[in-house]
Novice: 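Sending over a structure as structure tokens; questions will come in a sec.
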2 protein chains.
Amino acid sequence: MSNPADSRSVKSTRTTFRLIEALEANDGARLTDLADELGLAKSTVHQQLSALVDLGYVLKEDGQYQLGLKFLDLGAYVRTRKRAYNLAEPHVEQLATETGERAQFMTEEHGQAVYVHTKQGEHAVKADRRVGKRRYLHSSAGGKAILAHFPEARIEAVIDRWGLPQETDNTHATRESLFEDLEAIRERGYSMNKAESISGLWSVGVPVMGPEGTPVGSFSVSGPRHRMKAEQFHEETVDLLLGTANELELNIEYS
Amino acid sequence: MSNPADSRSVKSTRTTFRLIEALEANDGARLTDLADELGLAKSTVHQQLSALVDLGYVLKEDGQYQLGLKFLDLGAYVRTRKRAYNLAEPHVEQLATETGERAQFMTEEHGQAVYVHTKQGEHAVKADRRVGKRRYLHSSAGGKAILAHFPEARIEAVIDRWGLPQETDNTHATRESLFEDLEAIRERGYSMNKAESISGLWSVGVPVMGPEGTPVGSFSVSGPRHRMKAEQFHEETVDLLLGTANELELNIEYS
DNA sequence: TATTTTGTTCGTCGACAACGAACGCATATG
DNA sequence: CATATGCGTTCGTTGTCGACGAACAAAATA
């Protein structure tokens, strides 16, 4: 569970993925830069990269090492691993077209929320919310919708693991305010994010519950404060989201 | 370049990815099964998997080890790495809606064709053509469209590397027949796949050329023989594809 | 032509990947 | 209720190979 200096072994696996993540973060890199950045000998990096090239996961493109499309296969696989993920996709598209805003389906992993499907509607605001990106559960509408339906011990575990990082002035700063919010979410059935992660950006989220009573994910819609705040739009969106989640829940159970 | 017994080193990286690929192929697996399948000691597999779990790339889900959504992040990254890939996506969607068939954008990597974007239209036939899947260049419309515009040496290198695996009776079996086809593709500007990979499935493909004169990918449309064969549909589809490719080429160069 | 900076090859060494055996913990089977 | 079988996990040991530094090659810069 603890990140640094973990248990027994497997340093080389760690360096392998440190390399891969560095290639992603830098959008490709040259050998020497990688060695400097990771504090490894050039020859070590060379050796590792050559192996990854042989395996087809990395390729050299005009002097830069780059991640290859083999990762696309793995990514597409994990995205289709659970039936709920597949079934959610068309719903996200529909949410985006019907609201005109940005719609997304998230799920929880390792105590964080992960975007599994995103789609921008006609007027959607640009935001760095690419598929695969992770968010904290306490500062996103989709995350809170999920978190609210975890058993209390699990909520505590999530906070213990990740804390409550402040992203804007509106981010929940204390457990008390977060727990109050979660209680309200359970009562009314949907969550709200009022600029708790990005200034001016509001979102509404609803959980998608699995057959065993634990949430399998959440739908959410995000847009600029002034549009999301409008009463009629808000109500319509909430209804739309609740209906969508309900549809998916039925699809998951019977089909 | 040679797969087995490669050069110096890096056995553990290889086993790491063998594990990952086995988890993908088996759609999750238990420890003992993995150890048996890969011929490793249980303790070794346990050690490696624990490391991957710590790193967040693998998770344990009711007794099964499964690949985690961290791979989705890497997959989404490589899919957006080149601008051409991003720009191609809406075109694929449009192709699918306009033709009603299955449309796809592929690119070449390691001498194979990889699906980067796929979309099924209204009447699209089901086929296992998920994003990230690889095809041979000689037996797919999109692949041949790319292959035709490689310099001859590179074509030879591809055939040397991968051979000409037969998928149906119509797959090109000899270099001569393949080269004839490629010549025809260059002349008329588009490629055809007449049930060369799946019986009854026809496809049309066009290359997308990069600024340096090498193909960066291809668009293709696939459907059942009887529909794709109809003269009017064929001509319309070819025009549509050629126009789409041309648009993308302009977008890549100026924007 | 020198000089710097890159990627690559190679010999050496100590850490650690891989092993086998033993343990704990379930779920079957008598 | 014992007994047995299967699983995942822990642990000591060993030989391999990951990591290093230095030397080389190749390309870019001066």
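In this text the structure is predicted, and so the values were computed from the model without any measurement. A, B, ... follow the sequence lines: proteins, then strands. Residue 1 opens every chain.
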Novice: Can you measure B/Leu40 atom CG to C/dG20 atom C1' for me and round it to whole angstrom units?
Specialist: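 After rounding, the gap between these two atoms is 14 Å.
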
Novice: Classify the side chain of A/Lys42 versus the base of C/dG7 as yes if they form a donor-acceptor pair under 3.5 Å and no if they do not.
Specialist: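 Yes, the side chain and the base share a sub-3.5 Å donor-acceptor pair.
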
Novice: One thing to verify: whether B/Arg18 and B/Glu21 come together as a salt bridge, which I'm taking to mean a side-chain N less than 4.0 angstrom from a carboxylate O.
Specialist: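 Salt bridge: no.
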
Novice: Is the shortest side-chain N/O distance from A/Ser43 to OP1 or OP2 of D/dA19 below 4.0 Å?
Specialist: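 A/Ser43 to D/dA19 OP1/OP2: no side-chain N or O under 4.0 Å.
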
Novice: Nearest whole Å is fine: how far is C/dG7 C1' from A/Asp33 CG?
Specialist: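 Nearest whole value for this atom pair: 12 Å.
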
Novice: With a 4.0 Å limit, can you tell me whether B/Gln48 has a side-chain N or O closer than that to the phosphate oxygens OP1/OP2 of C/dA17?
Specialist: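 False: B/Gln48 side-chain N/O out of range (4.0 Å or more) of C/dA17 OP1/OP2.
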
Novice: Could you state the CD-P distance from B/Gln47 to C/dA21, rounded to the nearest angstrom?
Specialist: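 To the nearest whole Å, that distance equals 18 Å.
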
Novice: For a quick test of reading the model: is some side-chain N or O of A/Lys11 closer than 4.0 Å to OP1 or OP2 of D/dC17?
Specialist: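 It does not, given that no N or O in the side chain of A/Lys11 lies less than 4.0 Å from OP1 or OP2 of D/dC17.
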
Novice: Taking any heavy-atom pair under 4.0 Å as a contact, classify B/Thr15: base, sugar-phosphate, or nothing.
Specialist: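 Since only primed, P, OP1 and OP2 atoms lie under 4.0 Å of B/Thr15, the category is sugar-phosphate.
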
Novice: Can you tell me the distance, in whole Å, between the CZ atom of A/Arg30 and the P atom of D/dA28?
Specialist: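 Answer to the nearest Å: 12 Å.
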
Novice: To the nearest angstrom, how far is A/Leu31 atom CG from D/dA27 atom P?
Specialist: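 Atom CG in A/Leu31 sits about 16 Å away from atom P in D/dA27.
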
Novice: Any side-chain heavy atom of A/Ile252 within less than 4.5 Å of one from A/Val216?
Specialist: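 Yes. Closest side-chain heavy atoms under 4.5 Å.
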
Novice: Using only side-chain N and O atoms of B/His46, determine if any of them is under 4.0 Å from OP1 or OP2 of D/dG8.
Specialist: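 Result: no.
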
Novice: Does the gap between the ring centers of B/Phe71 and A/Tyr77 come in under 6.0 Å?
Specialist: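 Centroid distance B/Phe71-A/Tyr77: not below 6.0 Å, so no.
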
Novice: In terms of side-chain heavy atoms of B/Lys60, which of D/dG8, D/dC20, C/dA17 is nearest?
Specialist: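 Nucleotide nearest to B/Lys60's side chain: D/dG8.
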
Novice: Please determine if A/Arg154 forms a cation-pi arrangement with A/Phe150, meaning its NZ or CZ atom is less than 6.0 Å from the six-membered ring centre and no more than 45° off the ring axis.
Specialist: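 Judged by the rule, A/Arg154 and A/Phe150 form a cation-pi pair.
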
Novice: With a 4.0 Å limit, can you tell me whether B/Tyr65 has a side-chain N or O closer than that to the phosphate oxygens OP1/OP2 of D/dT9?
Specialist: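 For D/dT9, OP1 or OP2 has a side-chain N or O of B/Tyr65 closer than 4.0 Å.
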
Novice: Without decimals, in angstroms, what is the distance between B/Asp36 CG and C/dG20 P?
Specialist: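 It works out to 13 Å between those atoms.
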
Novice: A/Arg18 has an atom CZ; how far is it from atom P of D/dG18, in whole Å?
Specialist: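 Taking CZ of A/Arg18 and P of D/dG18, I get 16 Å after rounding.
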
Novice: From CG of B/Leu19 over to P of C/dA17, roughly how many Å is that when rounded to an integer?
Specialist: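 Atom-to-atom, B/Leu19 to C/dA17, this comes out as 13 Å.
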
Novice: Quickly, which of A/Lys144, A/Gln166, A/His138 forms a side-chain hydrogen bond (donor to acceptor under 3.5 Å, both in side chains) with A/Glu196? Name it, please.
Specialist: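 Single side-chain hydrogen bond (donor to acceptor under 3.5 Å, both in side chains) partner of A/Glu196 among A/Lys144, A/Gln166, A/His138: A/Lys144.
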
